[in-house]
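Throughout, numbering of the chain's residues begins at 1 and tracks the sequence. Quick caveat: nothing in here was measured; it's all calculated off a predicted structure. These numbers come from the heavy atoms of this one structure, side chains and all, not from hydrogens, waters or symmetry mates.
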Amino acid sequence: MKNLYRFEFKRLLHSIGFWVALCTGMIISIIDIIFNGIPMSKYVVEPSEALEYTLFSPIKVCENWMGATYYWNGKILLLMLPLLATMPFAYTFYKDNVNGVYNSICTRISKKYYKRCKFIVTFFSGAFVTGFPFLFNYMAYLTLMPSINPEPGSVSDHLGTKSYFADIYYEHVNVYILVSIIMIALFGGAMAVTALYASFYVNKIYTVYVYPCLLYIGMICLCDILGIQEWEPNIFLDSSINYQRLVPFIVEFIIVMLVAIYEFFVSGRNKEGVGL
């Protein structure tokens, strides 16, 4: 069992899709640091300009890092989340079936062990490539400007005291940011594993990548039609948006994971080979 996990993680690290997805997220993160973080950091060392720019609110990490601004970088990453999450490893289950690797491995170990390992590594890969660029960006901003709690009512305050997580945001802002990054990573992992059961229904590998994207876009469109924007994934994953975030995240994350677990482990027992 340990050898199988070692094999799959080694396979992940040698996957071109893993490095393409990770580098894409890192490039967007670094662009934000270069064109937003570094220019803003000069106001930290020039107090008079900082006061003029922020109307008496000092420059701080929580109001300038990629996940807390209205610049395109963080928004684009959230929109690209299902594609980036799927690229590293989710396609390997489809390829294993087509190439006969699945049957070969399952002659030596139980199918449930193989599937469990594939599910865990796929979830981890999706979570890592979607969450790490935000974590890297946040850590880089910590080196450029002070991490101090925001001031309620200041011009640069984008949440407000009545927002969800307000107590944590204004008293323990670093915890708020880390929780937001974890939410992004977990939902990225959930999107990645949806591609596993999609392999039972498709006969082209590119559709394995397309399905999580269609699901993600469908969730956004459905919530928009129903007038519940706070339930859109790109909204409740955005730490700069003043909406109820925790309940929509928990509900949609659990639903997506339960469907993936049922389709891949339970229903999938009767569909192995279908569409492959």
Side-chain angles (χ1 to χ4, degrees), residues 4-29 65-67 73-94 115-140 174-199 208-209 211-213 215-216 219-220 232-239 245-246 248-265:
L4 180 59
Y5 278 100
R6 189 180 300 114
F7 169 76
E8 293 288 21
F9 274 111
K10 184 177 180 180
R11 188 178 179 187
L12 170 64
L13 293 176
H14 285 83
S15 166
I16 296 177
F18 172 75
W19 294 108
V20 170
L22 182 60
C23 288
T24 300
M26 291 300 294
I27 289 172
I28 294 175
S29 178
W65 77 292
M66 183 171 66
N73 307 69
K75 314 301 180 186
I76 288 294
L77 271 182
L78 290 180
L79 289 175
M80 294 176 62
L81 181 141
L83 178 60
L84 295 179
T86 308
M87 287 176 65
F89 202 71
Y91 69 93
T92 59
F93 180 67
Y94 178 92
K115 283 189 170 183
R116 185 187 305 167
C117 176
K118 185 70 70 175
F119 192 90
I120 291 174
V121 177
T122 300
F123 182 89
F124 171 82
S125 66
F128 184 80
V129 299
T130 53
F132 186 75
F134 283 94
L135 180 62
F136 176 84
N137 184 272
Y138 169 60
M139 295 177 67
N174 292 318
V175 174
Y176 174 85
I177 293 174
L178 290 175
V179 168
S180 297
I181 294 174
I182 291 173
M183 289 170 61
I184 292 171
L186 290 177
F187 208 80
M191 285 289 101
V193 295
T194 63
L196 293 176
Y197 68 80
S199 300
V208 175
Y209 298 102
Y211 175 74
C213 298
L215 177 62
Y216 192 77
M219 294 165 68
I220 294 175
E232 297 177 19
N234 61 315
I235 295 296
F236 64 68
L237 294 176
D238 191 338
S239 64
R245 300 176 55 217
L246 186 60
F249 166 76
I250 292 176
V251 172
E252 294 191 22
F253 174 76
I254 291 177
I255 291 175
V256 171
M257 288 297 293
L258 286 179
V259 171
I261 290 171
Y262 175 78
E263 284 287 338
F264 189 59
F265 291 102

Checklist entry - Taking all atoms of both residues into account, what is the closest heavy-atom pair of A192 and G126, and its distance? => result CB-CA, 4.0 Å
Checklist entry - Is a donor on one side and an acceptor on the other found under 3.5 Å between the side chain of N73 and the backbone of M66? => result no
Item to check | Distance-only donor-acceptor check, side chains Y138 and N174, under 3.5 Å | outcome: yes
Next on the checklist: Please evaluate residues F18 and F89 with respect to the criterion side chain to side chain contact (heavy atoms under 4.5 Å, CB included), reporting the C-alpha separation (whole Å), side-chain torsions for both, the decisive distance (0.1 Å), and the verdict.
Outcome noted: CA-CA 7 Å; F18 172 75; F89 202 71; over 6 Å; no
Checklist entry - Looking only at atom types and distance, does a side-chain atom of S125 sit under 3.5 Å from a main-chain N or O of P88, one as donor and one as acceptor? => result no
Next on the checklist: Side chains of P133 and L77, heavy atoms from C-beta outward: is any pair under 4.5 Å?
Outcome noted: yes
Item to check | Pairwise distance CD1(I177) to CD1(I182) - rounded to 0.5 angstrom | outcome: 12.0 Å
Item to check | Check: W65 side chain, F134 main-chain N or O, donor-acceptor pair, under 3.5 Å | outcome: no
Next on the checklist: Using side-chain heavy atoms (C-beta onward) and a distance below 4.5 Å, is E232 in contact with F236?
Outcome noted: no
Next on the checklist: Quick one: does any side-chain atom of T130 pair with a main-chain N or O of A127 as donor and acceptor, under 3.5 Å?
Outcome noted: yes
Checklist outcome for this item: CG (L84) and CG (L22) are apart, to the nearest 0.5 Å, by 9.5 Å
Item to check | G131 versus I181, closest heavy-atom pair with distance | outcome: O-CG2, 3.7 Å
Next on the checklist: Nearest 0.5 angstrom please: I120 CD1 to F123 CZ, how far?
Outcome noted: 10.0 Å
Checklist outcome for this item: side-chain hydrogen bond (donor to acceptor under 3.5 Å, both in side chains) with T92: of R11, E8, K118, only one passes, and it is K118
Next on the checklist: Could you check whether any side-chain heavy atom of I28 comes within less than 4.5 Å of a side-chain heavy atom of N137, counting everything from C-beta outward?
Outcome noted: no
Checklist entry - Any idea which heavy atoms bring I220 and P233 closest together, and the distance? => result CG1-CD, 3.7 Å
Checklist entry - Which pairs with one or both residues in residues 185-197 pass side-chain hydrogen bond (donor to acceptor under 3.5 Å, both in side chains), sequence neighbours excluded? => result Y197-Y211
Checklist entry - Do the non-hydrogen side-chain atoms of Y91 and Y209 ever get within less than 4.5 Å of each other? => result yes
Next on the checklist: For a 4.5 angstrom cut-off between non-hydrogen side-chain atoms, does F119 reach I261?
Outcome noted: yes
Checklist entry - Is the CD1 atom of I16 crowded by more than 12 outside heavy atoms at less than 6.0 Å? => result no
Checklist outcome for this item: Tightest non-hydrogen contact, residues V193 and A260, listed as CG2-CB, 3.8 Å
Next on the checklist: Can you confirm whether S239 sits close enough to M183 that some side-chain heavy atom of one is under 4.5 Å from a side-chain heavy atom of the other?
Outcome noted: no
Checklist outcome for this item: For K115 and F264 the tightest heavy-atom approach is NZ-O, 3.0 Å
Checklist entry - Does the side chain of M191 reach to within under 4.5 Å of the side chain of T86, using non-hydrogen atoms? => result no
Item to check | Ring center gap for F124 and F9 short of 6.0 angstrom | outcome: yes
Checklist entry - To the nearest 0.5 Å, what is the distance between CZ (F187) and CG (L81)? => result 7.5 Å
Item to check | Shortest non-hydrogen contact between F253 and L186, atoms and distance | outcome: CE1-O, 3.3 Å
Item to check | Test item: R116 and Y5 side chains (from C-beta on) under 4.5 Å apart, heavy atoms | outcome: yes
Checklist entry - Does L79 offer a backbone N or O that forms a donor-acceptor pair with the side chain of N234 under 3.5 Å? => result no
